[in-house]
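Below, all heavy atoms of this structure are taken into account, side chains as well, without hydrogens, waters or symmetry copies. In each ligand, atom 1 is the first atom listed, and ligand 1 is the first ligand listed. For the single chain, residues carry numbers from 1 onward in sequence order.
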Amino acid sequence: MKVGCDQLIDILNHIGGKEVQGIDENWILNYAPSTGKVISRIPKSSYQDVENAVKAAKNASEGWAKLSKDERADWLDKIADCLESRFDEIASLESLDTGKPIRISRAVDATRSVTNFRFYAQQIRELKIEHFRMENATNHVIKRPVGVGALITPWNLPLYLLSWKVAPAIGMGNTVICKPSELTPMTANLLMQVIKDAGLPDGVVNLIHGTGIEAGSPLVSHPDVRFVSFTGGTETGSVVGRDAAASFKKISLELGGKNATIVLDDCDIDRHIDSIVRASFLNQGQVCLCGSRILIQEAIYEIFKTKFVDSVNRLKIGDPSDENTDLGSLISPQHLEKVTSYVNLAIEEGGTILTGGISPEIGAEFEGGNWITPTVVDGLSPDSRCSTEEIFGPLVTLHPFKNDEDAIRISNGTRYGLAGSIWTNDSSRGENIAKQMDTGMVWINTWLHRDLRVPFGGVKDSGLGREGGKWSLGFYSEATNICIMDE
Ligand code: NDP
């Protein structure tokens with residue numbers, strides 16, 4: 001076994017305020033994606049660990065729900081302060097654990113994790129009881145905690161997505177069990193340390209590590225778990241949705257995407273090219289919102305293609321700890337194999353690889369890592385498998401289109417409907433197209449420009465429900481109407 005640190009770190013479960021090993025005492029090794037070296041190991045939790053975590057969350061439930069919303073908001077701010085004091089550590093751990101560049105883990109992951117807690121603290125403080133007056137009575141709509149919840153997250157934005165769930169869930173008075181991806185446990189563990197240091201009551205937030213099948217699935221099916229917030233792949237989401245539905249749990253599913261980037265003939269290419277490249281390859285294309293299909297209006301197809309490939313070729317791929325690195329490694333050997341298989345499929349389907357699709361030369365230290373250069377494919381039909389299936393890696397396909405209707409038709413031609421972006425000098429033309437796209441979110445002349453108050457989520461096979469702002473507060477609570485007749 002190659003060990004990436006001086007010492008192999010044992011990451012434990014956190015149940016009822018205690019760090020505990022898995023009951024079966026089995027472990028899963030955790031590898032640094034950029035080197036392939038082991039960096040830590042986590043418990044391979046099973047049903048009994050889930051049972052203990054749910055019990056701890058249930059025990060903490062009553063006391064936590066009794067706090068006022070302002071008291072809970074204060075706790076969120078306290079967690080934000082403690083997270084902020086470990087900002088650099090979060091960025092380094094996330095970069096090590098995911099293989100993403102440190103610059104990105106600082107600007108995106110560490111920053112948003114702190115912001116998520118602060119944002120929801122504010123939202124919860126501002127939450128008002130709604131009143132509806134009738135002729136002879138008044139309705140008061142109060143939001144009560146749902147109870148014990150399961151928060152299940154993927155590997156691409158580990159703490160960013162976990163904190164996006166934990167903050168509103170506990171802020172609304174619930175207690176939770178987190179199940180992060182077995183591939184990226186490091187910052188979830190740090191969050192639990194922070195929560196302990198902040199002094200949050202034991203059992204409000206619990207964490208179990210392990211596989212989706214052995215730890216995630218029993219958690220979703222557990223009768224005492226009343227809601228499930230899941231972010232991950234569409235196939236897994238379908239299983240999670242089915243398991244949760246059996247006992248009528250509240251469920252939020254944030255799933256996969258195959259997002260279109262639409263470049264209209266009036267687009268100022270020079271102005272927007274860097275943003276379009278970013279939308280294609282941020283986090284090695286492993287962001288659910290990345291635009292993996294670029295639809296370009298015929299008149300500017302060739303010029304756009306040349307400028308796009310030039311910009312992609314300038315991206316610096318390599319050591320994630322180097323401040324100048326733009327692209328790091330993929331998450332795992334299995335994921336590299338998947339992305340590589342799509343490069344091969346693109347050729348089989350008649351596409352031309354304009355750039356990328358190979359293993360970069362970046363030095364002996366990274367030989368065991370999961371590396372592939374950013375890949376641009378031309379000449380595929382928009383109906384091809386490469387152009388319609390989620391690859392979730394650094395591979396984009398380019399497609400020409402004739403007019404706005406054609407762009408909308410191609411954009412809507414997949415099972416997914418998460419997000420999209422439109423690049424144009426005419427924002428009303430862009431808005432008209434946006435309204436006809438079957439997606440939950442569309443950006444015009446920008447991408448991943450997030451206001452945390454707005455709804456986040458997808459249509460079709462990209463998910464169920466919305467998170468963000470008041471939508472999260474609604475999901476993580478039960479609305480109860482109290483109708484009082486006038487005296
Ligand atoms: P997966 O669906 O493989 O896994 C997500 C989480 O679910 C992991 O913690 C996994 O555990 C767990 N899990 C797996 N099976 C089950 C099960 N039967 N019951 C309960 N939990 C289970 O997704 P990835 O981690 O591979 O993440 C990539 C996917 O996430 C992409 O499709 C991407 O589009 C999507 N995503 C969507 C976002 C959105 O907001 N819409 C945002 C970010 C990513 P483990 O892996 O440890 O076995």
Side-chain angles (χ1 to χ4, degrees), residues 11 28-30 33 42-47 50 97-98 100 108-109 112 150-162 164-165 177-185 188 207-222 225 228-246 249 251-259 282-292 330-332 334-336 338-339 389-393 414-419 439-441 448 450 455-468 471-472:
I11 304 269
I28 300 172
L29 295 177
N30 177 35
I42 56 169
K44 195 166 187 281
S45 305
S46 60
Y47 178 77
V50 169
D97 212 12
T98 62
K100 72 179 69 176
V108 177
D109 301 75
R112 240 318 264 290
L151 310 179
I152 302 179
T153 45
W155 46 258
N156 64 329
L157 295 161
L159 189 56
Y160 175 121
L161 289 172
L162 188 61
W164 181 238
K165 296 182 189 300
I177 300 105
C178 310
K179 209 307 272 172
S181 166
E182 71 195 68
L183 299 176
T184 52
L207 174 80
I208 52 159
H209 293 286
T211 67
I213 298 296
E214 290 159 302
S217 181
L219 181 59
V220 170
S221 305
H222 197 290
V225 167
V228 177
S229 176
F230 172 86
T231 301
T234 292
E235 269 64 39
T236 320
S238 158
V239 174
V240 167
R242 189 196 61 206
D243 290 351
K249 298 178 201 314
I251 179 121
S252 167
L253 299 171
E254 300 287 352
L255 309 178
K258 187 73 181 179
N259 312 300
L282 182 71
N283 202 26
Q284 299 74 250
Q286 302 168 132
V287 176
C288 54
L289 305 166
C290 273
S292 50
L330 302 194
I331 188 68
S332 65
Q334 293 76 16
H335 195 51
L336 175 61
K338 176 183 166 184
V339 174
E389 296 177 8
E390 187 188 43
I391 300 171
F392 208 56
T414 76
R415 64 190 288 216
Y416 298 106
L418 188 58
T439 62
M441 297 162 274
L448 194 45
R450 292 277 291 119
F456 183 100
V459 303
K460 301 199 287 188
D461 289 3
S462 288
L464 192 64
R466 295 289 180 276
E467 296 192 357
W471 286 268
S472 286

Residues in ring-ring contact (aromatic ring centres under 6.0 Å, His included) contact with F392, at least two apart in sequence or another chain: W155
For ligand 1, the residues whose heavy atoms come within less than 4.0 Å (ordered by chain, then number): I152, T153, P154, W155, N156, L161, K179, P180, S181, E182, G210, T211, G212, G216, S217, V220, F230, T231, G232, G233, T236, V239, V240, E254, L255, G256, C288, E390, F392, L418, F456
Listed partners of D461 passing side-chain hydrogen bond (donor to acceptor under 3.5 Å, both in side chains), at least two apart: R415
Salt bridge K249-D243, side-chain N to carboxylate O under 4.0 Å: no
A188 to L162 - nearest heavy-atom pair and separation: CB-CD2, 3.8 Å
Please tabulate, for the side chains in residues 209-220, all donor-acceptor contacts under 3.5 angstrom to protein atoms that are two or more places apart in sequence or on a different chain.
from, atom 1, to, atom 2, distance (Å)
H209, NE2, L12, O, 3.4
T211, OG1, E214, N, 3.0
T211, OG1, E214, OE1, 2.9
E214, OE1, K44, NZ, 3.1
E214, OE2, K44, NZ, 2.8

Parallel, tilted or perpendicular: ring planes of Y47 versus H222, cut at 30 and 60 degrees: parallel
